[in-house]
Structures are given as C-alpha cells and as structure tokens.
Novice: 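Got a structure for you, written out below as structure tokens; questions coming shortly.
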Amino acid sequence: MQGVTVVNHPLIQHKLTLMRRKDTSTKQFRELLNEIGMLICYEITRELPTELVEIETPLTKTMAPMIAGKKLVFAPILRAGTAFLDGMLNLVPSARVCHIGLYRDPKTLKSVEYYFKAPEDIADRLVIVMDPMLATGNSSVAAVDKLKGRGVKNLRLMCLLAAPAGLEHFIRSHPDVPVWTAAVDDHLNDHGYIVPGLGDAGDRMFGTK
Ligand code: URA
C-alpha cells in the first residue's frame with residue numbers, strides 16, 4: 001500500500017507475537033509495547049534531515065551531523081498511544097509531547113475528543129502521531145484532522161497493528177501522511193476489534209479488564 005511501511009524487523013515481530021498471546025501479563029505487555037515503540041521510532045526517524053555543525057573533539061575541530069530543524073513532537077492518542085512514549089523519549093529526549101484524548105464511542109465507533117494539549121508552535125514541527133491499534137482508523141483520522149486544523153503540515157503516523165479497512169480509511173483521508181506499522185492484520189470484527197490482533201490494547205496495558 002502506497003505510503004505504508006510495515007516494519008518487519010525480527011525483533012519487532014518476535015515482541016509483537018509475545019504481545020498477541022492472551023496470557024502475556026500486563027507488565028510484560030506494557031514493557032513490550034514500550035520496546036517496540038523504541039524500535040519503530042528508530043525506523044520512522046531514519047530519514048530525518050541532518051546538518052553539519054562545527055564541534056571540537058579532544059583532538060581537533062571538525063564538522064559533524066546533527067538533526068536539523070525544530071524539535072520533534074510526539075503525539076500519543078490516549079490511552080494506548082502513551083505506551084509508546086517512554087521508549088520514544090528515551091531515543092529523542094528533547095522531543096515535545098502533544099497529548100490527544102479521544103475515545104471510541106462503543107455504539108458508533110466514532111471518535112470523541114476530550115483532551116488536547118499541544119506545544120504552542122506545533123505548526124512548525126514534525127509531528128509523529130502514535131496510535132497502536134489502527135482499527136477503523138477513526139481516531140487517527142480525527143487526530144490528524146485536529147493537528148492539521150492547528151496548522152501542522154509535516155505529519156507521520158506510527159501504529160503497532162493495523163486493519164486493512166482502517167489503513168484504507170486513513171490513507172483516503174490523509175494521503176499526505178505516511179504510516180509505519182509492525183503488521184497489517186486480517187480484518188476487523190463486528191465490535192471493531194482487529195483480528196487476530198491482541199485484544200484491547202488500553203485494557204491490556206493498564207490491567208483494566
Ligand atoms: N483498539 C484496540 O485496543 N484493539 C483493537 O483490536 C481495536 C481497537
């Protein structure tokens with residue numbers, strides 16, 4: 001699919017399989033999501049532009065590359081998106097964070113916003129939206145709608161699992177926003193769950209079911 005990168009690195013695939021297992025504990029599930037977040041972040045930032053800056057080593061002055069431009073923004077969709085956050089901030093400690101609170105209405109499966117807190121100059125930055133489960137795609141589409149409404153032009157979407165229908169919905173709505181995911185699963189069931197999937201990511205992360 002155009003604009004979609006499936007990150008099929010063996011470490012990620014192995015960890016994802018552990019997460020899918022229904023007897024994986026809450027603690028393990030959260031740790032794995034955190035680790036996978038770090039690994040996908042490594043891929044998603046691979047093409048970031050760098051610029052040469054002058055530094056002084058103990059031996060001499062030299063020009064060496066550093067990431068160019070303003071600090072990144074990580075934008076987790078609450079709740080499950082926050083599981084990616086610690087790992088990503090370990091890699092990019094200077095990144096800013098934009099929390100986006102959306103919940104899925106269980107009847108309509110539509111997204112309802114309840115919280116949004118962004119850096120003031122978010123429009124000038126690259127924003128990576130984090131939504132582990134791209135199911136219907138409604139939350140990710142709504143999050144990107146909101147960010148574009150705030151003037152953001154440079155966006156990427158990071159997922160763990162995607163359903164084909166959710167991916168199609170997202171790409172149709174935001175063809176300019178590239179997507180990274182660890183896997184594209186088979187289908188969505190009647191309750192909006194990804195199959196085979198891993199269940200409700202938020203509940204499994206926080207032990208709420
Ligand atoms: N959200 C989840 O947590 N799991 C799914 O399978 C779909 C949406």
Side-chain angles (χ1 to χ4, degrees), residues 1 4 6-8 12-41 74-88 98-116 128-147 156-174 177 179-209:
M1 242 182 255
V4 179
V6 178
V7 193
N8 54 8
I12 295 180
Q13 295 306 317
H14 181 90
K15 288 174 191 293
L16 175 57
T17 300
L18 295 176
M19 292 186 73
R20 290 183 188 274
R21 284 187 173 152
K22 65 178 184 189
D23 49 5
T24 295
S25 72
T26 299
K27 176 175 180 286
Q28 282 174 310
F29 189 90
R30 208 170 34 233
E31 287 169 357
L32 288 162
L33 195 45
N34 193 44
E35 289 165 12
I36 294 180
M38 206 178 318
L39 293 165
I40 300 179
C41 182
F74 295 147
I77 299 180
L78 307 178
R79 294 182 290 172
T82 57
F84 278 149
L85 194 56
D86 282 351
M88 293 173 69
C98 168
H99 288 96
I100 305 176
L102 295 171
Y103 71 86
R104 191 162 65 146
D105 184 295
K107 290 212 179 72
T108 64
L109 303 184
K110 291 244 152 57
S111 292
V112 184
E113 182 186 316
Y114 64 89
Y115 189 77
F116 184 83
I128 299 178
V129 177
M130 294 124 72
D131 188 5
M133 307 300 280
L134 188 72
T136 59
N138 289 341
S139 303
S140 299
V141 168
V144 172
D145 283 343
K146 174 84 186 185
L147 290 162
R156 298 177 188 188
L157 175 66
M158 172 169 161
C159 313
L160 176 68
L161 280 187
L167 260 185
E168 277 160 27
H169 178 202
F170 185 81
I171 293 166
R172 223 180 310 114
S173 308
H174 295 295
V177 179
V179 181
W180 278 256
T181 183
V184 181
D185 270 10
D186 192 62
H187 67 280
L188 275 187
N189 70 13
D190 293 344
H191 305 286
Y193 281 93
I194 299 174
V195 182
L198 46 73
D200 188 302
D203 282 338
R204 293 199 63 190
M205 269 174 63
F206 296 113
T208 40
K209 216 173 211 171

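Small disclaimer: the values here were computed from a predicted structure and weren't measured. Index from 1, following the sequence. In what follows, every heavy atom counts, from backbone to side chain, and hydrogens, waters and symmetry copies are set aside. Remember, it's 1-based here, ligands and their atoms both numbered in the order they're listed.
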Novice: Assess the residue pair His169 and Val141 against the criterion (side-chain contact (heavy atoms from CB on, under 4.5 Å)); give the C-alpha distance rounded to whole Å, side-chain angles, the decisive distance to 0.1 Å, and a yes or no.
Specialist: CA-CA 8 Å; His169 178 202; Val141 168; 3.9 Å; yes

Novice: Test Arg204 against Met19 for side-chain contact (heavy atoms from CB on, under 4.5 Å), laying out the working first.
Specialist: CA-CA 9 Å; Arg204 293 199 63 190; Met19 292 186 73; 5.8 Å; no

Novice: Could you pull out every protein residue that has a heavy atom closer than 4.0 Å to ligand 1, ordered by chain and then number?
Specialist: Arg104, Met133, Ala135, Gly192, Tyr193, Ile194, Gly199, Asp200, Ala201

Novice: For residues 23-35, which residue pairs qualify under salt bridge (charged side-chain N to carboxylate O under 4.0 Å, His left out), counting only residues two or more places apart or in two chains?
Specialist: Lys15-Glu35, Lys27-Glu31

Novice: Are there over 12 heavy-atom neighbours, none belonging to Tyr103, within less than 6.0 Å of that residue's OH?
Specialist: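 It does not: Tyr103 OH has 12 such atoms or fewer within range.
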
Novice: Check whether any side-chain heavy atom of Met133 sits under 4.5 Å from a side-chain heavy atom of Ile194, and report yes or no.
Specialist: yes

Novice: About how many Å separate CG of Leu16 and CG of Asp185, when rounded to the nearest 0.5 Å?
Specialist: 7.5 Å

